[in-house]
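Owing to the predicted nature of the structure, the values given are computational and were not obtained by experimental measurement. Heavy atoms only: backbone and side chains are in, while hydrogens, waters and symmetry mates are out.
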Amino acid sequence: MLWTRWLVLLLCWGATGSEQQADERGAVPAEVRSDSRRERSPPPVEPLDFGFVPAAVYNTHAYYEPGSMGILFHMVHAFLYMVQPNLFPKDLIVKVIQQNMGGIKIEEWRKPENVVLLLQWIQYESGFLICATFGVVFVVLIPIIAMCFCMCRCCDNCGGEMHQRQRKNADCHRGFYTASLIATTIFIIVGVLIALAANHNISSQVKSTRRLINTNMRDLKTFANNTPAQVDYLTAQYTTAKNKVLSDLDNIGPLLGGRIHIQLEKSVIPSLDTALRMAGAMRETKEALENVSSSLEVLQDGVGKLQASLSGERASLSNTLSDPACTNGAVSHTCNTIRSTLSQLGINADFSKVPDVNHALANVNTVLKTDLSNIVQKGYASFNDTPRLVKEQTKNIVAALPRVKGMLDKIGAEITGFSKMFPVEASLANFTIFLNERHKAIESYYPQIDQMDFYRWIACVAVLCMVVLVLAFNILGLLCGNCGYDKQATPTTRGCLSNTGGNLLMAGVGFSFIFAWVLMAIVTTLFVVGGNVEKLICEPLANRQLFKIIDTPFLVHPEKRNFLPGMLFQNPNIDLTLGGMYRECYDNNGLYHALQLETMFNINSFLNRTVYNRDLAKVFDSVQVDLQGITLLEQAGRDNLINFANSGIGQIDYQAYLTEVNKGVTLIDLLSFCSDLEAQADQLPRGALENALRGHASSIRSIHREQVVPLEQAMSTLHQSIKQLQKTSNDLPVKVTNVLSAIDAAEYLITHNASHVVKQETKAYVQGLVGYFKQYTEWVKNSLTAEVAQCKPISNIVDSMEIVGCSFIIDSVNTFWFGLGGCCILLIPSIIFSVKLAKYYRRMDTEDVFEDSPYCDTLTRFPRASAPPSYSVW
């Protein structure tokens, strides 16, 4: 495991950066920490792309699906659960190991605590002990019973007498024994097939074992070959963080100045925007005043002309109504009606008394001679020039770039030097050579394993052949007996085929007695060994209870807390367990994390000397930025705003304008008047009067079209301009004062509080630079945890051992004794039914005959023994 330790030293430098970061945070003064809590959190650091660590592809799939054999395996497991339903005795095993750590001594077991442990163990093994006792009794009694049975038959007892009494239900008995023997034989055949399948499964899985060994070896080689490349990739990615830091330092003006600009613009830009809007309001005010002045002139001139036109038209219409035709009684009423409306032809609005706005317009024109927009734009430009100003004031940082680059190159050299401090590549190369040698050594055993498996297969087949021999005698005996049986024949005259069937059945009985105890001895041995291995090793290994025993503190040595770190690192106090390591490797995490190697080395001391370099921090601390040169609004702009507030637009009599505008141009709508006049003309008889009235209506329409419509448009423009001026002038001095106050506050912030903002943003900028290194160290730690030296091959080895040892071998062995044991037990009823059935097939020496009794009045028949008749030819 020396190569593992070297790998640890190689990878440990990038394990953790959080503790170092905590130390540096602890070094910050308390007042700075309190300020940082009140300020906004720093902007997130730009994420760096370190790419992907070269991944190792492992080929071992440590999974076994038994297929149809799984049904038999589940049956065996269910039987073992019936025999041993107790939970895994973890505490009992731990106590036994701890109390016998110095070796097992007979006299030690006389102690009460050891006696208690022994009784607990017996209680746990009670199911196996009962079954084993049954097997031992079977092995002992079967030879004795066989001997007694033989002697008993030699004495013409136990069915040995070649005489068969005739009974009325003999056929029923024979049928029952035949059916029972057939059923027993079928069950024995099933047991033989189960054992044979288990025997064949072991041989077939030997080839799968080679595949598992080969893939595990290849995965270990892949692990050893890829790890150096992964480590080199980690060290090479330091360049990514270094180049990003150098790039940010080279662009310190745009980056740091941009940060300061973003922080200050929250107060500066709104104030400048307000001033810029005020400059726009000045131009709009000028336009509105000009519109008012021009509209007022148009209205004053137009109203006078309209008044003269309406007066002339009113006088002409009055002359027309003075025509003698209007004295006619039918027409006079209409003429009087028209004459009563002549007074409505007049002017309603009078703009001659409305004061002009020339004074306010002159003041605004004077204000606009100063371009406030240009002054505000200069303020924008001065503020937006912050990055250039920062760049000018941080030339020392840019000038120090070669020195900073030298520092960073030195850090990279230290990292690379640390990674080359230990001969990891040479060690892993030696480890690869070791794997190749071990693989070749294992492959050299393949012929011997095949030979041993062949011998095992032959032995198992030979054992099964004992049962098959008994089955052969039973089957042949049943065939011969049933085929040769003649109901008409007497016991002494049975045929040769029937007699042969009976003899074959008795031969099967004899071989059953010969082989049954041997088979049961084999079954008992395999049952005790295989069953306990399954319950004490395989099941705990499958549910990882076995790891809990191995990981029990102080189990191996009373002074060594943990077994695994004591063996690997000679430090048993590290909280590293075999179960924890297996889980990490099963999840394909890195070996660094699985072995908890970060507890062995002080990574912070290395990071203090390398990534978190104090000399580099001094360069960052030398950043000084002064923003005193920024001017947001010149004095001319301030005077311009004040002059605008005092321009006099607030003293305009807006109500006088709105009063006249709302009156309308004429007293009556001239178009309506024309329509009414034409309607009145329609009521008159045709003639000169009607035509004259229609001419007056046409003239009034021309006056409306040519004079009233332009005046209405001028009044609309005047109304809009007055409303706009009224809105602008509303609290204008207050608005100007607010604009100036906002600009003063922004300039005060830049002049007096900029140092705090600069310090805050400089700190955030430096934290961003350090954040690149933090990203690198965090990425290294995550890579070491999940991507570098992924130890899946280690868990695959454990899983492969479980598959080979338990699924391939133990399950098959247990299935073998399960089938063979069933055959052994079924040999007992097979013996009984064969002995009983053979009596009906074998030729007897004597048989029952019947004759008349001389002692009774009635004819009564009594059986007696009689020799069989003699035949010249059989």
So do V813 and I202 actually touch side chain to side chain, heavy atoms under 4.5 Å?
-> yes

K207 atom NZ, over 12 foreign heavy atoms within 6.0 Å = no

Take atom CD1 in I71; do more than 12 heavy atoms of anything else shown fall under 6.0 Å from it?
-> no

Give a yes or no on whether the backbone of L212 and the side-chain of T215 come within a donor-acceptor separation of less than 3.5 Å.
-> yes

Step-by-step side-chain contact (heavy atoms from CB on, under 4.5 Å) determination, M466 to L519 = CA-CA 8 Å; M466 297 180 186; L519 297 176; 3.8 Å; yes

Exercise: do D799 and Y582 side chains pair donor with acceptor under 3.5 Å = yes

Just by modelled atom types, is the F88 backbone N or O under 3.5 Å from a matching donor or acceptor in the Q545 side chain?
-> no

What heavy-atom pair brings A594 and C791 nearest, and what distance separates the two atoms?
-> CB-SG, 3.8 Å

Is there a donor-acceptor pair closer than 3.5 Å between any side-chain N or O of E584 and the backbone N or O of N589?
-> no

Those residues at least two apart in sequence (or on a different chain) that pass disulfide bond (SG atoms under 2.5 Å apart) with C806 are C538

Heavy-atom side-chain proximity of F128 to L80 below 4.5 angstrom = yes

Does a side-chain heavy-atom distance below 4.5 Å link V533 with N814?
-> no

In sequence, state the C-alpha distance, the side-chain angles, and the governing distance for R438 and E443, and then conclude on salt bridge (charged side-chain N to carboxylate O under 4.0 Å, His left out).
-> CA-CA 9 Å; R438 292 298 92 196; E443 288 179 341; over 6 Å; no

Let me see the working for H439 and N214 under side-chain hydrogen bond (donor to acceptor under 3.5 Å, both in side chains), right down to the final yes or no.
-> CA-CA 8 Å; H439 194 188; N214 293 336; 2.8 Å; yes

I would like to know whether F527 and F818 meet ring-ring contact (aromatic ring centres under 6.0 Å, His included); could you show each step before the answer?
-> CA-CA 8 Å; F527 165 75; F818 181 75; over 10 Å; no

List the steps, then state whether side-chain contact (heavy atoms from CB on, under 4.5 Å) holds for Q230 with E787.
-> CA-CA 8 Å; Q230 293 173 335; E787 299 180 53; 6.0 Å; no

S783 and L234 have their tightest heavy-atom pair at CB-CD2, 3.8 Å

H77/D811 under side-chain contact (heavy atoms from CB on, under 4.5 Å): CA gap, chis, key distance, verdict | CA-CA 9 Å; H77 293 163; D811 282 346; 3.1 Å; yes

I122 atom CD1: more than 12 heavy-atom contacts under 6.0 Å = yes

Sorted by chain and number, sequence neighbours left out, salt bridge (Lys or Arg N to Asp or Glu O under 4.0 Å) with R583 holds for none

Taking all non-hydrogen atoms of both residues into account, name the closest pair between A786 and Q790 and its distance.
-> O-NE2, 2.8 Å

Using the side-chain hydrogen bond (donor to acceptor under 3.5 Å, both in side chains) rule, take R210 and Y446 through it: C-alpha gap first, then chi angles, then the decisive distance, then the call.
-> CA-CA 8 Å; R210 296 182 183 180; Y446 285 164; 5.6 Å; no

Please report the shortest heavy-atom distance between P89 and W121, naming the atom on each side.
-> CG-CZ3, 4.4 Å

Flag the pair L505 / F833 as yes when at least one side-chain heavy-atom distance between them is below 4.5 Å, and no otherwise.
-> no

Ring centroid separation Y233 to F52 under 6.0 Å = no

For K548, does the NZ atom have more than 12 heavy-atom neighbours from other residues, nucleotides or ligands under 6.0 Å away?
-> no

Which pair of non-hydrogen atoms, one from F223 and one from P793, has the smallest distance, and what is that distance?
-> CB-CG, 4.4 Å

Let me check something: any side-chain donor-acceptor pairs from residues 183-197 under 3.5 Å, sequence neighbours excluded? List them with distances.
from: T184; atom 1: OG1; to: S180; atom 2: O; distance (Å): 2.7
from: T185; atom 1: OG1; to: L181; atom 2: O; distance (Å): 2.6

With the side chain counted from C-beta on, respond yes when N436 and K221 share a heavy-atom pair under 4.5 Å apart, and no when they do not.
-> yes

Point-to-point distance, once rounded to the nearest 0.5 Å, from CG of L826 to OG of S512 = 11.0 Å

Is any side-chain heavy atom of K90 less than 4.5 Å from a side-chain heavy atom of L546?
-> no

Any side-chain donor paired with an acceptor under 3.5 Å for Q237 and T240?
-> yes

Side chains of Y124 and Q120: do they bring a donor and an acceptor to under 3.5 Å?
-> no

Do Y592 and T785 touch side chain to side chain, with heavy atoms closer than 4.5 Å?
-> no

What pairs meet the salt bridge (Lys or Arg N to Asp or Glu O under 4.0 Å) rule with one or both residues in residues 452-475, with sequence neighbours excluded?
-> D453-R456

Does the side-chain contact (heavy atoms from CB on, under 4.5 Å) test come out yes or no for L48 and Y776, once each step is laid out?
-> CA-CA 8 Å; L48 299 179; Y776 175 67; 6.0 Å; no

State which residues pass side-chain hydrogen bond (donor to acceptor under 3.5 Å, both in side chains) with D587; sequence neighbours excluded, sorted by chain then number.
-> none

Residue among V523, I522, T524 satisfying side chain to side chain contact (heavy atoms under 4.5 Å, CB included) with L526 = I522

Going from CZ on R211 to OG on S800, what distance comes out if it is rounded to the nearest 0.5 angstrom?
-> 8.5 Å

Atom CG in L827, atom OG in S834: separation rounded to 0.5 Å?
-> 9.5 Å

Would you name the heavy atoms of G51 and W779 that are closest together and state the gap between them?
-> O-NE1, 4.2 Å

One should read off an interatomic distance between N474 CG and L504 CG, to the nearest 0.5 angstrom, of 9.5 Å

Can K792 be said to sit on top of Y586's aromatic six-ring, NZ or CZ under 6.0 Å from centre and within 45° of the ring axis?
-> yes

Any donor-acceptor pair under 3.5 Å from S204 side chain to N201 backbone = yes

Results of salt bridge (Lys or Arg N to Asp or Glu O under 4.0 Å) for D219 - residues two or more places apart only | none

Do V509 and F513 have side chains that get closer than 4.5 Å, going by heavy atoms?
-> yes

With a 3.5 Å cut-off and no angle check, do the side chains of Q84 and N86 form a donor-acceptor pair?
-> yes

